[in-house]
Amino acid sequence: MPAQVRSDDVYPSRVDGESRFLPRRDPVIYGTSGPLSPVQIAQYERAGYLFLPEFLAQDEVTPLQQEALRLRADPAITALEETIREPGSDTIRSVFRVHELSPLVAKLVRNGRVLAIVQQLLGGDVYVHQSRVNYKPAFRGREFYWHSDFETWHIEDGLPRMRALSLAVNLTDNDAFNGPLMVVPESHRTYVSCVGETPADHYKQSLRVQKYGVPDDDSLRRLVEYGGIAAPTGPAGSILLFDCNLMHGSGSNLSPKPRTNLFVVYNSVNNAAVEPFGNIPRRPSFIASQHFDPVQPE
Ligand code: 6CS
Ligand code: FE
């Protein structure tokens, strides 16, 4: 193993000349009881994700939709480095740290129904590692290439183990045509160590188009041969919970309808970020939070 791999690193990446599959060394489900049924827990454990259509009521999702549009139109927000633009244009792709920029999103993060599920999956108290709105505008919203979030959060942000998940809330319908999120079922049980050295200030590039920390074609082919590809599409208000190591991505939006999703990344307080495992300076806190206080239900 190359010299720069830390002795406490069970998931090395970006150190070898070739990509490797390493087995997951962590549980998928950490909790015991909670609102999810045994069947739902088994689905999440086996496939790495759980889709709950129309989880939020219309009167919960409408204010969030409006809030997402307000954030994008507010010059005080668009002037911040939290606002990321599409490659090659000024169109807004994402706004990060929305759980601190928006009281409405802060409220959603603490929503009791959501939090009980997250705590069941991760086994107890959690904090928010990252949050963002991805706008994927009509006609020209660009793709997010295949990746495991955990690879980046481990190497660039210092999350030690796989004990985090993403909550994706559909703020618009996600359909076959507007660039819905796609996942590779069961890929969360394999860690794909990636090739290439992380460039300085990688996030400035990667949040627009990611080139490092993405799997090579052969690895992807093998994962998809095993698990296939699923696109859990559904109306606004639907939510997707997915494991931090699940391979996922999404295509461009060629349709006339935007695809807007809100993402909240919850991490166990027992898995708080340490020094990044990639021997690089940690990313700014608007991408990788340093506030480890547990989220309290509202
Ligand atoms: O770099 C990150 O943390 C992120 N990038 C992607 C493509 N997904 C998760 C996360 O927002
Ligand atoms: Fe991602």
Side-chain angles (χ1 to χ4, degrees), residues 11 13-14 48-49 68 81-87 92-101 105 109 127-136 141-159 162 164-170 174 179-185 187-188 191-192 194 196 198-215 220 223 229-232 239-253 259-267 271 273 276-278 280-290:
Y11 297 119
S13 185
R14 310 190 201 179
Y49 68 96
E81 60 172 350
E82 277 80 347
T83 300
I84 307 293
R85 293 185 164 71
E86 292 285 349
I92 293 171
R93 176 172 172 86
S94 309
V95 176
F96 276 75
R97 200 170 64 85
V98 286
H99 68 296
E100 290 176 352
L101 296 174
V105 176
V109 165
Y127 72 94
V128 175
H129 172 66
Q130 180 186 91
S131 71
R132 64 195 188 278
V133 175
N134 285 344
Y135 289 92
K136 192 77 78 81
R142 295 276 296 271
E143 76 276 7
F144 291 82
Y145 193 71
W146 295 109
H147 62 281
S148 146
D149 294 327
F150 178 76
E151 197 275 346
T152 296
W153 299 337
H154 181 67
I155 297 302
E156 302 196 21
D157 301 341
L159 295 204
M162 297 175 184
L165 61 75
S166 288
L167 163 75
V169 181
N170 292 6
N174 277 227
L181 195 66
M182 299 185 288
V183 301
V184 180
S187 57
H188 63 308
Y191 180 73
V192 182
C194 301
T198 316
D201 285 342
H202 180 225
Y203 72 93
K204 290 185 180 163
Q205 172 70 29
S206 70
L207 300 182
R208 307 176 87 188
V209 179
Q210 191 176 353
K211 299 219 173 85
Y212 296 88
V214 294
L220 266 174
L223 291 174
I229 295 178
I239 65 170
L240 178 73
L241 297 141
F242 64 100
D243 179 83
C244 59
N245 189 47
L246 190 72
M247 197 57 75
H248 64 283
S250 63
S252 299
N253 182 6
R259 186 224 66 166
T260 307
N261 288 352
L262 165 67
F263 287 82
V264 181
V265 179
Y266 295 95
N267 185 31
N271 191 44
F277 287 82
I280 48 171
R282 69 169 73 259
R283 298 195 296 179
S285 57
F286 76 86
I287 314 175
S289 175
Q290 290 288 304

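What you see is a predicted model; the values in this text were computed from it and never measured. Atoms within each ligand, like the ligands themselves, are counted from 1 in listed order.
- Aromatic rings from H129 and Y266 are positioned such that their centres are separated by 6.0 Å or more.
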Quiz item: Is there a salt bridge (Lys or Arg N to Asp or Glu O under 4.0 Å) between E81 and K204 once you walk through the steps?
Solution: CA-CA 10 Å; E81 60 172 350; K204 290 185 180 163; over 6 Å; no
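- Taking the centre and axis of the six-membered ring of F144, the NZ or CZ atom of R93 falls inside the cone set by 45° and 6.0 Å.
- Contacts between H147 and ligand 1 below 4.0 angstrom, taking non-hydrogen atoms only, involve the side chain exclusively.
- At least one cation-pi condition fails for R283 and Y203: the charged atom is not both under 6.0 angstrom from the six-membered ring centre and inside a 45 degree cone around its axis.
- Using a 4.0 Å cutoff on heavy atoms, D157 does not count as a contact of ligand 1.
- When heavy-atom distances to ligand 1 are checked against a 4.0 Å cut-off, R283 comes that close only through its side chain, counted from C-beta outward.
- Within D149, the N/O/S atom positioned nearest the Fe ion (ligand 2) carries the name OD1.
- Summarising the local packing, CZ of F242 is surrounded by more than 12 heavy atoms from other residues, nucleotides or ligands at distances under 6.0 Å.
- For atom 10 (C) of ligand 1, the nearest protein heavy atom (residue, atom name, distance) is Q130 OE1, 3.2 Å.
- When heavy-atom distances to ligand 1 are checked against a 4.0 Å cut-off, W153 comes that close only through its side chain, counted from C-beta outward.
- Looking at H147 and the Fe ion (ligand 2) together, the shortest N, O or S contact belongs to NE2.
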